Amino acid sequence: MFEVRKKSPVSNARTGLLHTYHGIISTPVFMPVGTAGTVKGVLQRDLKQEIDARIILGNTYHLYLRPGTDVLSCSGGIHKFMNWDRPILTDSGGYQVFSLSENRKLSEEGAHFRSHIDGSAHTFTPESVVDIQRIIGADIIMAFDECTPYPCDYDYAKESMDLTHRWLDRAVKRFENTEDLYGFRQFLFPIVQGSVYDDLRKQSAEYIAAAGMPGNAIGGLSVGEPTEIIYAMIDIVNSILPEDKPRYLMGVGTPVNILEAIDLGIDMFDCVIPTRNGRNGMIYTSEGIINIKNKKWSKDFSPIDEKGPSHVSHYYSKAYLRHLIISGELLGAQIASIHNLAFYLWLLDEARRHIEEGDFNNWKNQMIVALANRI
RNA sequence: GGGGAGAUACCAAAGUGGCCAACUGGGGCAGACUGUAAAUCUGCUGUCGAAUGACUUCGUAGGUUCGAAUCCUGCUCUCCCCA
């Protein structure tokens, strides 16, 4: 499924190719988040033409609640349903176990939760989450885990990690005893947990690596802990996860986070920042971060990002985008989302290019200065 | 011409003797957001100050009172009804 193409001589950064039925993905890759079968505010056409997203995310929890497995099954799977013929990865709902924690209870069997939509009671088990993801039909599916909060005491983190491991065994078994439903092979990725504890992360990485899945994910990071800890955990885990398989850092992050994580050997990323923060007025440019709602842009009629990677980046002015976002106009959210996603994809394109050319670290260090800049 | 209602901060609008520098909403300004319960949430919004605080405000000019956005009198303006 995965081949490493080029490794940085001075760090763990590498490029690779990820083969799926719906296409080959160059890594490192950023995957726009499309929780409910849509990258919020962005047409599939723009995802392809403007942003050139190679793979996007969906979410098991959200799709299961709405439209539900019946509709998804009848539609012929998520690709047909949303008319997206490139790869898709679905998250298992493990993050919702964390973010909707007030509405759920965990047991050995699984997670018992109430729908945030209508309050109805449901249970996710490692098995049912595989079944649902068979029906959704993404190319890459995730094992059901518990994403621990931060802070999280050691005993809880260990118990939770062990539970995630037991759930993984059950998920793998179910996965191996069931078939794909739409005529192409799906891949199951397990998830490393262990909170912020070195020894737990190490144990978890060993356990996950031993499962022998075609790719591995790191979860439970970027939930409020300092960034230094994120990097430290990635470093520990990546020293154990096999090099010949893709490593997916779930939910991360800022452009700077991503460059640092690439340096530590991560291949896949997803994050809501470009879309959500974009909707809320934060615009990423090669010059730095803009809060487009700030008054100082009200009469700045220069392009959103002169060197920006998408059509919208130079077609619309800062002043116009500010007006749209401040007015709550839908077009503002749309432009900001397209621009930010295109920026993220551009950043990853550049990262790949510089890894291939062998000067990733110099480039990265320059970029980090510019990217952290607030203008 | 007669009768009635009202004037509160950028806007709208509460408050009708001390707990009022003044509820609340909007607007404005700033911040947050990391496997999306988020087109969301938080803070500030009379002046000066980092802050304790000081100073100036509720159409306007006076008055009553220990104390007034609130009570009284004159004035100015606005709106409604009848002729």
Side-chain angles (χ1 to χ4, degrees), chain A residues 30-42 55-63 65-66 88-104 113-119 129 133 138 140-150 164 189-193 216-227 229-230 234 248-258 260-261 266 268-282 284 289 291-298 322 324-337 340 344 374:
Chain A
F30 181 81
M31 308 181 282
V33 177
T35 307
T38 161
V39 176
K40 291 186 195 300
V42 184
I55 170 170
I56 61 172
L57 247 69
N59 185 281
T60 303
Y61 168 86
H62 293 273
L63 292 169
L65 288 180
R66 221 166 33 189
I88 298 175
L89 180 152
T90 41
D91 182 30
S92 60
Y95 186 77
Q96 280 62 45
V97 170
F98 154 74
S99 65
L100 304 171
S101 59
E102 283 156 36
N103 297 320
R104 57 81 175 156
F113 59 88
R114 292 198 168 271
S115 158
H116 71 277
I117 299 165
D118 62 6
V129 166
Q133 291 184 99
I140 299 171
I141 71 177
M142 302 303 299
F144 193 50
D145 66 332
E146 182 191 3
C147 177
T148 47
Y150 178 83
T164 290
F189 284 18
I191 303 169
V192 174
Q193 288 291 341
N216 298 296
I218 306 173
L221 291 178
S222 229
V223 288
E225 74 284 11
T227 47
I229 294 183
I230 303 178
I234 295 170
Y248 165 28
L249 178 61
M250 305 185 77
V252 176
T254 65
V256 172
N257 291 160
I258 288 174
E260 294 290 12
I266 298 292
M268 303 165 70
F269 300 90
D270 77 279
C271 190
V272 302
I273 283 180
T275 43
R276 183 196 286 166
N277 290 24
R279 287 196 301 279
N280 294 333
M282 185 180 267
Y284 287 91
I289 298 166
N291 182 348
I292 201 69
K293 290 195 275 194
N294 287 175
K295 192 182 185 69
K296 62 180 172 185
W297 307 115
S298 63
R322 176 179 193 270
L324 294 177
I325 296 270
I326 281 192
S327 307
E329 286 292 338
L330 296 173
L331 184 60
Q334 202 176 339
I335 292 170
S337 298
N340 277 351
Y344 265 61
R374 287 185 172 250

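Computed from a predicted structure; not experimentally measured.
A:Gln334 comes within 4.0 angstrom of no nucleic acid atom, judged by non-hydrogen atoms across all strands. Using a 4.0 Å heavy-atom criterion, one finds that A:Arg114 contacts no nucleic acid atom at all. At the heavy-atom level, A:Asn59 lies under 4.0 Å from the strands shown only through sugar-phosphate atoms. Residue A:Leu57 is classed as a sugar-phosphate contact, given heavy-atom separations below 4.0 Å to backbone atoms only. Nucleic acid contact class of A:Asp145 (heavy atoms, under 4.0 Å, all strands): base. Here A:Arg322 lies in heavy-atom contact (under 4.0 Å) with sugar-phosphate atoms only. Within 4.0 Å of A:Gly220, counting heavy atoms only, lies at least one base atom of the nucleic acid. At the heavy-atom level, A:Glu329 lies nowhere under 4.0 Å from the strands shown. Counting non-hydrogen atoms under 4.0 angstrom, A:Asp270 reaches the backbone sugars and phosphates but no base. Residue contacts for A:Thr275: at a heavy-atom cut-off of 4.0 Å it reaches a base atom on one of the strands shown. Residue contacts for A:Asn103: at a heavy-atom cut-off of 4.0 Å it reaches a base atom on one of the strands shown.
Put simply, the side chain of A:Val33 does not reach to within 4.5 Å of the side chain of A:Cys271, judged on heavy atoms. When side chains are defined from C-beta on, A:Gln96 does not count as touching A:Phe113, because their heavy atoms never get closer than 4.5 Å.
Of the listed nucleotides (B:U36, B:A32, B:C29), B:C29 has the atom at the smallest distance from the side chain of A:Lys295. Set against B:G28, B:C33, B:U40, the side chain of A:Lys293 has B:U40 as its closest nucleotide. Closest to the side chain of A:Leu100, from the set B:A30, B:G35, B:A37, is B:A37. Minimum atom distance to the side chain of A:Asn294 is reached by B:G31, of the listed B:A37, B:G31, B:G35. Residue A:Met250 has its side chain nearest to B:G35 when only B:G35, B:U40, B:C29 are considered. In this structure, the nucleotide among B:G35, B:U34, B:A37 sitting nearest to the side chain of A:Ser222 is B:U34. Closest to the A:Gln96 side chain, of the nucleotides B:G28, B:A37, B:A32, is B:A37.
Using a 4.0 Å cut-off, no side-chain N or O of A:Arg279 falls inside it from OP1 or OP2 of B:C41. Proximity of A:Thr254 to the phosphate of B:U34: no side-chain N or O atom is located under 4.0 Å from OP1 or OP2. Side-chain N/O atoms of A:Asn280 include none lying less than 4.0 angstrom from OP1 or OP2 on B:A32.
As a whole-Å value, the separation of A:Tyr284 OH from B:U34 P is 11 Å. Rounded to an integer number of Å, the gap from A:Glu102 CD to B:A37 C1' is 11 Å. The separation between A:Asn340 atom CG and B:U34 atom C1' is 13 Å, rounded to whole Å. Computed from coordinates, the A:Tyr344 OH to B:G35 C1' distance equals 14 Å when rounded to whole Å. The NZ-P distance, from A:Lys296 to B:G28, rounds to 18 Å in whole Å. Distance, A:Ile234 CD1 to B:G35 C1': 13 Å, rounded to whole Å. Separating the CE atom of A:Met282 from the C1' atom of B:C41 is a distance of 14 Å, rounded to the nearest angstrom. Counting to the nearest Å, the P atom of B:U34 and the CD1 atom of A:Ile229 are 17 Å from each other.
Here A:Phe144 pairs with A:Phe124, A:Trp167 under the ring pair (Phe, Tyr, Trp, His ring centres under 6.0 Å) rule; sequence neighbours left out. Take A:Phe30 and apply the ring pair (Phe, Tyr, Trp, His ring centres under 6.0 Å) test, not counting sequence neighbours, and it matches A:Tyr344.
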side-chain hydrogen bond (donor to acceptor under 3.5 Å, both in side chains) evaluation trace for A:Thr90 with A:Gln133 = CA-CA 7 Å; A:Thr90 41; A:Gln133 291 184 99; 2.9 Å; yes
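Separating the P atom of B:G1 from that of B:C66 is a span of 43 Å, rounded to the nearest Å. Comparing the P positions of B:U47 and B:C11 gives an interatomic distance of 14 Å, to the nearest angstrom. Only the P atoms considered, B:A13 is 24 Å distant from B:A61, to the nearest whole Å. When the C1' atom is used for both B:G27 and B:C79, the distance is 25 Å, rounded to whole Å. Between B:A37 and B:A30, the two P atoms lie 29 Å apart (nearest whole Å). Rounded to whole Å, the P atom of B:A83 lies 36 Å from the corresponding atom of B:A9. Nucleotides B:U52 and B:C41 place their P atoms 29 Å apart, quoted to the nearest Å. Using atom P as the reference point in both B:C10 and B:C29, the two lie 16 Å apart (nearest Å).
The two residues A:Arg322 and A:Lys295 make their nearest non-hydrogen contact at NH2-CA, 3.3 Å.
B:U42 and B:A30 make up a base pair, with Watson-Crick or G-U wobble contacts both under 3.5 Å. Pair assignment for B:G35 gives none, since no Watson-Crick or G-U wobble pairing has each distance under 3.5 Å. With a 3.5 Å ceiling on both atom-pair distances, B:G17 lacks any Watson-Crick or G-U wobble partner. Under the Watson-Crick or G-U wobble criterion, with both distances below 3.5 Å, B:G6 is paired with B:C77.
Side-chain atoms of A:Gln193 never come within 3.5 Å of backbone atoms of A:Ile191 as a donor-acceptor pair (strictly under, hydrogens ignored). No side-chain donor-acceptor contact under 3.5 Å links A:Asn103 to the backbone of A:Arg114.
Side-chain atoms of A:Tyr61 and A:Asp91 include no donor-acceptor pair closer than 3.5 Å.
Comparing A:Lys40 and A:Ala333 along RNA chain B, the residue whose closest nucleotide (by nearest heavy atom) sits nearer the 5' end is A:Lys40.
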